Structures are given as C-alpha cells and as structure tokens.
Amino acid sequence: MSARQPLPSWALNVLMPAMNVLLALIVGGLAVAMIGENPIQAMQVLAYGAFGSGYGLGFTLHYATSLTFTGLAVAVAFHSGLFNIGGEGQAYVAGLGAIMMALWLDHTHWVFVLVGATVGAMTLGALWAAIPGYLQAKRGSHIVITTIMFNFIASALMSYMLAQVITNPGSNAETRTIAETGRIPLLSEYFEFFKHSPVNIMLFFGVVALIGVYILLWRTKLGFKIRTLGQNPEAARYAGISAVSIIVIAMAISGALAGMMAVNEAVSVQKRLVVGYVQGFGFIGIAVAFMGRAHPVGIVLAAILFGALYQGGSELAFVMPAVPSELVVVIQALVILFSGAMDEMFKPVLERVFGAFRSKPQADKAAEIEEA
Amino acid sequence: MGIEDIIPLLNSSVRFAVPLLLACLAGLYSERSGIVDIGLEGKMLGAAFAAAAVAALSGNVWYGMLAAIFVSVCMSMIHAIASINLRGNQVISGVALNFLALGGTVFIGHSIFKRGGTTPNLSKDERIGPIDLPFAAEIGQVPVIGPIYEQLISGHSIIVYFAFAAVPITAWVLMKTRFGLRLRAVGENPKALDTAGISVFLLRYQALIITGVLCGVAGAYLSTSQGANFSENMTAGRGFIALAALIFAKWKPWNALWTCLLFGVLSAAQIRLQGVEFPLIGEVPVQFIQALPYVLTVVLLAGFIGRAVPPKAVGQPYVKER
C-alpha cells in the first residue's frame, strides 16, 4: 500500500524548495508565453545575465549579500517564534547610523569607515527592531502588525531626516557623498574579473554573518534559549528562560543583521544615503528565509537565487524589452507563495510517492523476520 | 477658518477615507472569520489595475468594476486556498499576494498598453462620475446647512455612498444575522462551530469572498473614480493604513468608520499644513503627520490608550479532527 511516510530531511529541505522554485519559474514562463515571447529564451537571458560574466556575477553576488543579511534577520527572529516583517524599515533606519559614521570618519581610512559604519548600522537596526520586540514581549502587541507600522514610521522618519537634517544642500533629499579616502573598495579593484560590478568587501561579512548565525543558534546557550522559546514557549518558561529578554535580544540581533545591508548598499556602493534605498530587499528577505528553511545553508542558496533573479531581470529588460523586468517580481511573489504559504501543496503527494517506494522493501524485511 | 475653508478640507478627507473604509471593512470580514489579511494592499492594487485596464479597453467603466471585483476575489481565493485548505502561513500568503500584484499589474499593463505600467487616461464618460443628490442646487442657498449638503454630502461618486452604506450594513450583518453570529464565532472559537455541525471552511470562504468584493470596489474607486488611470503601485500603502485602521477600530464596523474618517482628515491636513506655522511648536513636518496613523496604531496596540484585542483564533489554521 502506498501509505504516507514522513519525508526524509533531504526531500523536505532540498527537493521541496527546488520543486517550489521550478513551479514558480514555470508559471513565470507561462506568463512570458502569454504575452507572445519565448519563455525559454527569457530564462536563458536571465541565467546568462546573472552568471554569464564576471560583471553579471558581481551584481548577483552583491544583491545576494544584501539578501543574506535580510534573510538571516528574518530567520533569527523566526527561530524565536517571531515573524519580523520589518526588515525593510530596520535596514532603512540602519542606513542613517551607517552613513553618519561613514561621513564622520571618511577623512581617515576606509577601514575605519567600514568598522564605524558597521557598528552604526547594527546599532540603529537593532534598536529599531528591539522596540517592536519589547512591545510584543511586555505589552503583547502583535509583532507582525507593529513591525509593519514601524516600516512606515521609518519611511516617514527617514524622508524627514534626509530632507531636513542630514541633507546635502542643493541636492534632492540625500546626504553628501563619502570622500574618496573613505570609500570601501570594490572587489573589482583587486580582481579584474568582476569588471565594475558593485560586489565589495561586505561579501565576506555576509559569509561571516552566515557562519556566525549558525554558531549562535546551534552552538551557544543563547541560541538554545532562542530555539527553545520558538518551539515551545511553555517548556522555555519551565526551564527558567525569560521570554521578555530573549524576545528583545532575538529581535535586536535580527535588526542588526538587517541593518548590515546598509553598509553593503548605501555606504559601499551608492556612497551616500538616498530616499528609499532599501528597495524591497527587506521584504525579499522574508522569501529568502522561508525558502532557505531558516537555515544558513538554505539562506545562502536562496539569497543567490534571488540575487540572480534581480540581476538577470535587469539584463532581461535590455535584451528582450518586450518582457517587462517586473517578471522577476512576479516570480519572487510565486516563490514566496509556494514555499512559504502553500508548503503543504506538494507534501501529501511526495509523502505518498515516498511511501510507495519504501513500503516494498520494508514489507520484504518484515517477511524475512517472520520466516526466521 | 470659516465654513468655506472647512468644507473643502472635509471633502478631501472623505475622498481619502473612502478607499480606506472599504479596505478596512474588507479586512474586518476576513479577520473576524479568523484569517489575517496582510494582502489588502495587493488586492486593491490588482483591482485598481483591472478596473482601469478594462474600462480603457471596453470604454465601459462598469465592466471595469466587474473586472476589479473578479480579480480581487480571485486573489482572495488564492489566500483562502493557502490559509484554509493548505493551512499555510497567512502572513506569508498576504506578503506574496502584495508582491504578485505589484509585479503582475506592471507586467500585464506594460504588455497590453506599452506605457511602462500605466494605463491610458480615461475620459469623463469612462469614469465613475459624481452624482448630485436631489435639490442640491436649491438647498445650497440655505446658510450653513446648504453648503454642507451641496458641497460635502452631494456630488460624490456612487462608490462613496456605497462605502458609507456598507458600514451600517456590516454592523447589521455582524450583530443581527445568523451569518454574522457564526462569523464572529468562527473567528473566536472555530471548534465550537465545528462541533455544532457548521462548516468552518465554508464560513471562512464566504468571509474571504466578501473581503475580495470590498477590496475590488476600493481598487476601482482609486483608478476610475478618484483617479483617471492606473499607475505603478498606486495604492501606495493604503492597504496597510486600512489594516492599521482595522486594529484602531478594534475590529468593529462603526469604529472603522470613525477611524477611517480620522485617518482621512490626517491625510487631507497633511497637504494643507505644509509650511503652516503653529504658535509655540512652529512648523510641523509633513512626515510627522504622515507617520501619525501608524504611531497611533502602535500606541493603541501597546495598550497605552485602551486595548485592541484581536479575534482569538485569528491567524491560526483550523485543523479538523479526524
């Protein structure tokens, strides 16, 4: 009988996300076919644009770095049982800390700018996320709603700051540009291969963050507390874990990670802070975290996939102007939908398939035991 | 400030409040049934596009309205399948629908109209125009009441009157009908309803269809009545303000009306207060007023002014015992 079997972890963590992405690409391809263009060609252009040249790869890795930060942010909060939907606002406000430190230190050396901006970004990002965390823990206001509201408050606050407070006179709502001495080098300055693409030293910070989050969550006491609280708040309470402090700490770490994006994008590449610089990367972090199953290995793969979609999408707009680059947003939406909300779609089918494959040898084994 | 200054301000407040009110009531049906709806924004955006696109192609705005409702209900049904049948994460589903609308509208719009995501401008006949209530001109001569009737109450599009009528209707449906009782119950304790032999699935599907219809009307209002075409991301966060309003209104229809009017006044005032000097505090930054609805919602949610308690079962997928 094809009884349902619990899925092995590789099927759950590799096969299902892969099927979700494939399905999203197929639906995206159908949309391209619907407007009378060749979907195979569109996908080829996408893939080539993202990986076909050092220049394209540099962009893909740069976007993937930002998405690694925002994806890890969602994942850390998720392990503590919280849904931080406010990565967008946290990264935006963190931009303020990053750029203020960068502009303060930019006449020294880029190393100081890098360290200062990172500290500034992480501090403000952590702060902006810790407030909703505190309100959730102490006052019971739902974190999803509060973080959404904080995204909008951040956007108003930042347009005020950029228009009135730290604005560059004469330009339209942006800060002044970081001085030549303080500019964080792009990788292309060391490796000709990347041409003039924006991938920079923050790529390594992304790798550090991935390893750091893994160690934090699975190898430290704090991580154990975070995961215990997320999986069983009751058990956490009996074990004497303070929900309030863990929630606030988890949210602060989450916000600090989201904030790192500011150093990668605003400080290193744009070299100034402009209105709305986050451009939805905070939201896509949600997709990255869910597709990556909130695990650093999954997150890095998902971040590269989404980074490739971004870069491939802008290439697509050049090569096939009839296909709007919003195709990428549609594919992203479908990946979020399939991997985050419609997870159960493939599961019963897969469970049956695995059940059918497995039941036979097991039945044979049972028969052998009986004979003996 | 005399009455001639206040009426235009209130008038534009009403215009700002209407899409919020419709979306807020839409969210009310969904959340009262126990389904979180972060996707109000996306449904409105999809509907706004469908209305403007179909009105432009057919020349008949009512086909546009039907298309808007159809698209919005379809999106609501995707949300229903994800959150009712597949027991998925309702917040994620909402986020996905918002992105789907953001990308999908421009994708389809660009391929049909080749204008980078906007739709052609609708002529006066292709829009849902203002209607004058009876004797508007005559009563308008009466001091005080006259201008209020002629300028504030009369002369809006039918959708505005529909939105305001939807408030007492929703209150009645929710509190006085069998459907309303069940809807409230399914959001608080779905198991009790299931035990009584009432289908939790069916009720939640019905609620989400109503949500879809109301978001559809809200979207059509934006692109064919308030505006004259669709442009990229034209809802600009209204769905999220509606969500804030819903919480602020503590999931109650009459409160929703007052909250949306308040948020409408804030939006209208925001434009008028630009550069105005107040005594003592000086000029209030526009961004401060922009952020005010969100700040108020956070403060309310935190329980500093009253308490907003959501329906108990909201956000939790219902698993029927087998």
Side-chain angles (χ1 to χ4, degrees), chain A residues 28 31-32 34-37 83 85 131-132 134-136 138-142 144-146 148-161 163-164 280 283-284 286-287 290 321-345 347, chain B residues 36 38 42 78-79 81-83 85-112 114 116-117 232 237 240-241 243-244 247 285-295 297-298 300-304 307-310 314-315:
Chain A
V32 174
M34 223 171 58
I35 61 168
E37 294 289 319
F83 196 168
I85 204 165
I131 303 169
Y134 177 80
L135 291 174
Q136 162 85 62
K138 269 284 190 202
R139 317 282 314 189
S141 27
H142 203 291
V144 170
I145 305 292
T146 323
I148 291 177
M149 297 303 133
F150 264 63
N151 283 341
F152 285 97
I153 299 171
S155 143
L157 172 75
M158 291 303 288
S159 52
Y160 173 72
M161 292 303 284
Q164 310 281 342
F283 283 118
I284 298 298
I286 300 168
F290 270 79
V323 183
S325 61
E326 275 73 17
L327 172 68
V328 171
V329 183
V330 174
I331 294 175
Q332 282 169 349
L334 293 170
V335 173
I336 300 177
L337 191 67
F338 294 146
S339 66
M342 294 191 162
D343 222 17
E344 293 286 316
M345 199 162 40
K347 222 175 177 181
Chain B
V36 172
I38 305 282
I78 296 177
H79 190 52
I81 292 168
S83 42
N85 298 84
L86 299 172
R87 299 188 294 273
N89 188 319
Q90 298 167 13
V91 174
I92 304 259
S93 166
V95 170
L97 285 178
N98 287 341
F99 271 107
L100 193 62
L102 194 62
T105 49
V106 178
F107 182 82
I108 300 171
H110 183 82
S111 31
I112 298 176
K114 314 273 179 232
E232 188 177 348
F240 291 108
I241 303 192
L243 200 65
I247 295 158
V286 199
Q287 292 89 356
F288 177 76
I289 303 167
Q290 266 170 6
L292 205 53
Y294 307 111
V295 175
T297 306
V298 168
L300 182 85
L301 258 181
F304 293 119
R307 199 103 185 76
V309 184
V314 85

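Below, chains carry the letters A, B, ... as their sequence lines are ordered, and counting in each starts from 1. Keep in mind the model is a prediction, meaning the values are calculated, not measured.
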- When the 4.5 angstrom heavy-atom criterion is applied to A:Val144 and chain B, the contacting part is side chain
- For B:Ser111 and B:Phe107, indicate whether the former's side chain and the latter's backbone hold a donor-acceptor pair under 3.5 Å. yes
- Identify which part of A:Leu327 has an atom lying under 4.5 Å from any heavy atom of chain B, answering side chain, backbone, both or neither. both
- Item | Greatest number of heavy atom pairs closer than 4.5 Å to chain A - which of B:Asn98, B:Thr297, B:Val91 | B:Val91
- Message: At a 4.5 Å cut-off on heavy atoms, which part of A:Tyr160 comes close to chain B: side chain, backbone, both, or neither?
- Response: both
- Message: Quick check on B:Ile247 against chain A: is it the side chain, the backbone, both or neither that has a heavy atom closer than 4.5 Å?
- Response: side chain
- Item | B:Gln90 versus chain A, the contacting section by heavy-atom distance below 4.5 Å | neither
- Query: About how many Å separate CD of B:Gln287 and CG of A:Leu157, when rounded to the nearest 0.5 Å?
  - Reply: 9.0 Å
- Query: Would a 4.5 Å heavy-atom cut-off, applied to side chains only, mark B:Phe99 and A:Leu334 as touching?
  - Reply: no
- Main-chain N/O of A:Leu135 paired with A:Ser141 side-chain donor or acceptor, under 3.5 Å: yes
- So what's closer than 4.5 Å to chain B heavy atoms on A:Leu337: side chain, backbone, both or neither? both
- Atom group of A:Ala287 that falls short of 4.5 Å from chain B, counting heavy atoms: neither
- Any chance CZ of A:Phe83 has more than 12 other-residue heavy atoms, nucleotides or ligands included, within less than 6.0 Å? yes
- Message: Under 4.5 Å from any heavy atom of chain B, what part of A:Val323 do you find: side chain, backbone, both or neither?
- Response: side chain
- Evaluate the side-chain proximity of B:Leu301 to B:Val298: yes if any heavy-atom separation is below 4.5 Å, no if none is. no
- Task: Please determine, among A:Ile284, A:Thr146, A:Ile148, the option with the most heavy-atom pairs under 4.5 Å with chain B.
- Result: A:Ile148
- Task: With rounding to the nearest 0.5 Å, note down the distance linking CD1 in B:Ile92 to OG in A:Ser339.
- Result: 7.5 Å
- Please list, chain by chain and in numerical order, all residues satisfying side chain to side chain donor-acceptor pair (under 3.5 Å) with B:Ser93, sequence neighbours excluded. B:His79
- Sort A:Ile85 into side chain, backbone, both or neither according to what part of it lies under 4.5 angstrom from a heavy atom of chain B. side chain
- Does B:His110 reach the side chain of A:Ile35, with side-chain heavy atoms less than 4.5 Å apart? no
- Note on the structure: Counting heavy-atom pairs under 4.5 angstrom with chain B, the leader among A:Phe338, A:Phe150, A:Phe290, A:Phe283 is A:Phe290
- Message: Need one label for B:Ile78: side chain, backbone, both or neither, based on atoms under 4.5 Å from any heavy atom in chain A.
- Response: both
- Looking only at B:Gly109, B:Gly104, B:Pro285, most heavy-atom pairs under 4.5 Å shared with chain A are made by B:Pro285
